[in-house]
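Read the structure below first, then the notes.
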Amino acid sequence: MDKLIAEEITVKKKRKTYIGILIGILVAGVCFWAFRYFFKPSLHRAEINTAVAEKGNIENTINATGEILPEFEEVLSSPISASIRSVLMEAGHPIQKGQSILTLDKSIAQTDYDKLRFQIESKENEIRKLKLDLEKSFYDIKSNNSIKQLKISNLRDAVSSAKRLFKAGGGTREGIEQAELNLKVAELEKQQLENEIKSKQQTMKIEIKEAEIALSIQKNDLAASRRKLDLANILATRDGVVTWVNKNIGSAIKEGEPLARIADLAAFKLSCTMSDNLLSQLHMNMPLIVRLNDSLLRGKVVNISPSVNNGIVSFEAQLEDKSNKQLRPNMKVDVFLVTATRNGVVRISNGPAFKGSNLQEVFVLNGNKAERRTVTTGLANFDYVEILKGIKPGEVVVISDLSNYKNSKELSIVN
């Protein structure tokens, strides 16, 4: 009997233990629910940024980087090998057309110019000598030809006399043949001399022509050398601002090496780069937006580089307001290429709350509460996000990053 009583007592104790554990779990669950209900997570109003949904237009954009450059910038290079003697203009100094920027030591180039000028004078004398030789040779050959002609005339008379004498019985057949042979030889000599005259004329003309061509080349070289000497004064070709100048006085400069840059700061253009992953979306005349401090400038793509370097593609853009007072040379700016535009949509200011996916979890203010809501987004840019579903115009949305409260359906807002 004692044994049965002990078993009953043990079973009752186990039941009480199980019931206690169950009650404890229920109480803990009720307490947790009550805590969640009465003690919601809270945020101070000043800790979050909000935006009001509205109707408006939106442009979808992709990002690029840009640099402001003068629309016109001229690089002045050294036309000769020389050295810098003095610098007359500093970078940033306004300059007018015709003003000197720096001076070069032109002594070596001047020596080469004088040497070339003497070579031209020598070549001109050579041509004059060739022409005199040609005239003398032509005169000598022509005189010999006249003598040959007289000799032929005499030989013809001799042939006629020999024939008359033979008919009269006073001559011989051999005398006639000898006279005819002498005439024939004289005629061949005259023909040879005439051919020599033509050959000599052609040869002399070719020599003179070659000398004249060489002279013409030397004169062109002399004119180019004179032009380089004139350009070596390094004068501004138009009004503008000196943006850079080589100030290494005394340093040796090679021909073609840049010496200064002059820019017209009245108008600017945009040089841009972007990832080649977005190259398929880039096209000519594509509209773009430039963020310039607190203002926005519009423009369009006007030139796309055909090559890709290290995954980067380059392009140039033209600004609508190319003379904006805020534009400065070499200024770095953010560029946004417009890929699509929609009008009359529900939009809201962009912020950290929007992560880029089409389905977003955001908090919408309702009095002193912020309720979590799933929304569908569309186009987006640096300013706005298009709301396709989940938010109506006039509703206030928290655009701050509240990812730490992703498990909360509701937040209390404390003013």
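The basis for the numbers below is simple: all heavy atoms, side chains too, and nothing from hydrogens, waters or symmetry mates.
Counting only heavy atoms from C-beta outward, the side chains of V362 and V398 never approach each other to under 4.5 Å. Side-chain contact between L327 and L319 is present, with heavy atoms from C-beta onward closer than 4.5 Å. V75 has its side chain within reach of S77: a pair of non-hydrogen atoms, C-beta onward, lies under 4.5 Å apart. Put simply, the side chain of I413 reaches to within 4.5 Å of the side chain of L365, judged on heavy atoms.
Of the N and O atoms on the side chains of S314 and T273, not one donor lies less than 3.5 Å from an acceptor on the other residue. When only modelled atom types and interatomic distance are considered, N60 and T339 share a side-chain donor-acceptor pair under 3.5 Å. For E361 and T374, the side-chain atoms include at least one donor-acceptor pair closer than 3.5 Å. Under 3.5 Å, the side chains of D239 and Q96 contain no donor-acceptor pair of N or O atoms.
Here R342 pairs with E386 in a salt bridge; the nearest charged N to carboxylate O distance falls below 4.0 Å. Remark: E320 does not engage R298 in a salt bridge, criterion side-chain N to carboxylate O under 4.0 Å. We find that E395 and R373 are joined by a salt bridge, their nearest charged nitrogen and carboxylate oxygen being less than 4.0 Å apart. Remark: D105 engages R85 in a salt bridge, criterion side-chain N to carboxylate O under 4.0 Å. Under the 4.0 Å criterion applied to side-chain N and carboxylate O atoms, E74 and R238 are not assigned as salt-bridge partners. By the 4.0 Å N-to-carboxylate-O rule, R117 lies too far from D112 to be salt-bridged with it.
A donor-acceptor distance shorter than 3.5 angstrom exists from the side chain of Q360 to the backbone of K355, with no hydrogens or angles considered. The main-chain N or O of Y384 is found under 3.5 Å from a side-chain atom of N381 such that the two form a donor-acceptor pair. Under the 3.5 Å distance criterion, the side-chain polar atoms of R372 are matched with a main-chain donor or acceptor of S408. Between the side chain of S323 and the backbone N or O of A266 there is at least one donor-acceptor pair closer than 3.5 Å. Side-chain N or O atoms of N293 include none that pairs as donor or acceptor with a backbone N or O of S295 at under 3.5 Å. Side-chain atoms of T61 never come within 3.5 Å of backbone atoms of L337 as a donor-acceptor pair (strictly under, hydrogens ignored).
Relative to the six-membered ring of Y113, R226 meets both conditions, a distance below 6.0 Å and an angle of at most 45° to the axis. Geometric assessment of R328 against the ring of F268 yields a negative cation-pi assignment under the 6.0 Å and 45° thresholds.
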Take E67 and K269, measure what salt bridge (charged side-chain N to carboxylate O under 4.0 Å, His left out) needs, and give me the verdict at the end.
CA-CA 9 Å; E67 182 179 7; K269 63 181 180 180; over 6 Å; no
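In this structure, T377 and S357 approach most closely via the heavy-atom pair OG1-O, 3.1 Å.
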